[in-house]
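Please read all numbers here as calculations on a predicted model, not as lab measurements.
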Amino acid sequence: LVVCTAEGKVRVLCAETLSATSTLKAPFGPERSGAMPVCLRFYSQGFILGGTEGMISVWERDDATGEGLCFRFLRATRVAKSKAAVMGIDISSAEETLALGFRSGDVGTMPFANLLAESRNGESLCSVFAGGFHAGPIPCLDIAAHRPMLVSVGKRDGLIRIWNYTTRTCEMCWQGEPGDPPIAVAMHPFGYFV
């Protein structure tokens, strides 16, 4: 188990006792000590951290230490031109596409392979396709497993939007009830239900 705390720490917990086994000293690498972790998402080989300053880092499982399940830092990169914080992350079931929700209200995608590849200038920009559609942070998004669709939640505007990330278009929009805005969302694997 991995947990991001409000103080900006990332802790690895023992699944049996829920006690901290380690704390990541530099979640975005030694060169990016100012970035704070905001969200995380596991994938088959480890986990991805999203944070302030438009930063993302990748951590891989490293069982070589012999001290249980540990992780090693693989790479960090900036994915947002505006340096908006990455508030939400999801990855497709085949681990091909990474979806990102930003504090600025933007939604973007990028090939997961681009995140794993070396970048020349420390940036691997994602393709932002929803600039201005949400009026604030996007803390939650989810990708359909079998269709190029994702759903996003706007924290400030209370909107749920369904996107086709191949065509970069918003296909549906739903306004939450006044005084009771949605805060989390999940999509059916085929994209038929939210």
Which atom pair, heavy atoms only, marks the closest approach of [X] to [Y]?
X	Y	answer
D142	V185	CB-O, 4.0 Å
M55	A76	CE-CB, 4.1 Å
L49	C4	CD2-SG, 3.7 Å
S57	P27	OG-O, 2.7 Å
Q175	G158	NE2-O, 3.8 Å
C39	G88	SG-N, 3.7 Å

Residues K83, E53: salt bridge by 4.0 Å N-O rule: no
Could you check whether any side-chain heavy atom of [X] comes within less than 4.5 Å of a side-chain heavy atom of [Y], counting everything from C-beta outward?
X	Y	result
K155	I183	no
R156	H134	no
L150	D90	no
I138	M87	no
R75	W59	no
L159	W174	no
M172	I160	no
T23	V10	no

Rounded to the nearest 0.5 Å, how far apart are [atom1] of [X] and [atom2] of [Y]?
X	Y	atom1	atom2	answer
K9	K25	NZ	NZ	8.5 Å
R61	L74	CZ	CG	13.5 Å
R41	L100	CZ	CG	11.5 Å
F193	M187	CZ	CE	11.5 Å
F42	I91	CZ	CD1	12.5 Å
I89	C140	CD1	SG	12.0 Å

Could you check whether R168 and S127, counting side-chain N and O atoms only, form a donor-acceptor pair closer than 3.5 Å? yes
Do any N or O atoms from the side chain of S22 and from the backbone of V12 form a donor-acceptor pair under 3.5 angstrom? no
Under 3.5 Å donor-acceptor, D62 side chain and F71 backbone: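 Absent.
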Joint cluster assignment, [X] & [Y], ILVMFWY side-chain distance < 4.5 Å:
X	Y	value
V79	V58	yes
L24	M36	no
V194	L141	no
V153	M149	yes

Between T97 and F112, does the side-chain contact (heavy atoms from CB on, under 4.5 Å) criterion hold? Intermediate values first, please. CA-CA 5 Å; T97 303; F112 185 52; over 6 Å; no
Kindly indicate, with the supporting measurements, whether the criterion side-chain hydrogen bond (donor to acceptor under 3.5 Å, both in side chains) is fulfilled by W163 and S152. CA-CA 8 Å; W163 306 91; S152 61; 2.8 Å; yes
Evaluate the side-chain contact (heavy atoms from CB on, under 4.5 Å) criterion for residues R161 and V151: first the C-alpha distance (whole Å), next the side-chain angles of each, then the deciding distance (0.1 Å), finally the verdict. CA-CA 6 Å; R161 291 187 176 270; V151 61; over 6 Å; no
S92: which of T109, L98, I143 passes side chain to side chain contact (heavy atoms under 4.5 Å, CB included): I143
Ring center gap for F28 and F73 short of 6.0 angstrom: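 F28 vs F73: aromatic centres not under 6.0 Å.
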Step through the shown structure and confirm whether more than 12 heavy atoms of other residues, nucleotides or ligands are within 6.0 Å of CZ on R103. no
Apply side-chain contact (heavy atoms from CB on, under 4.5 Å) to T21 and L13, showing your working. CA-CA 5 Å; T21 59; L13 304 178; over 6 Å; no
So F190 and Y192, would you call those rings parallel, tilted or perpendicular, with 30° and 60° as cut-offs?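 Answer is parallel, since the angle falls under 30°.
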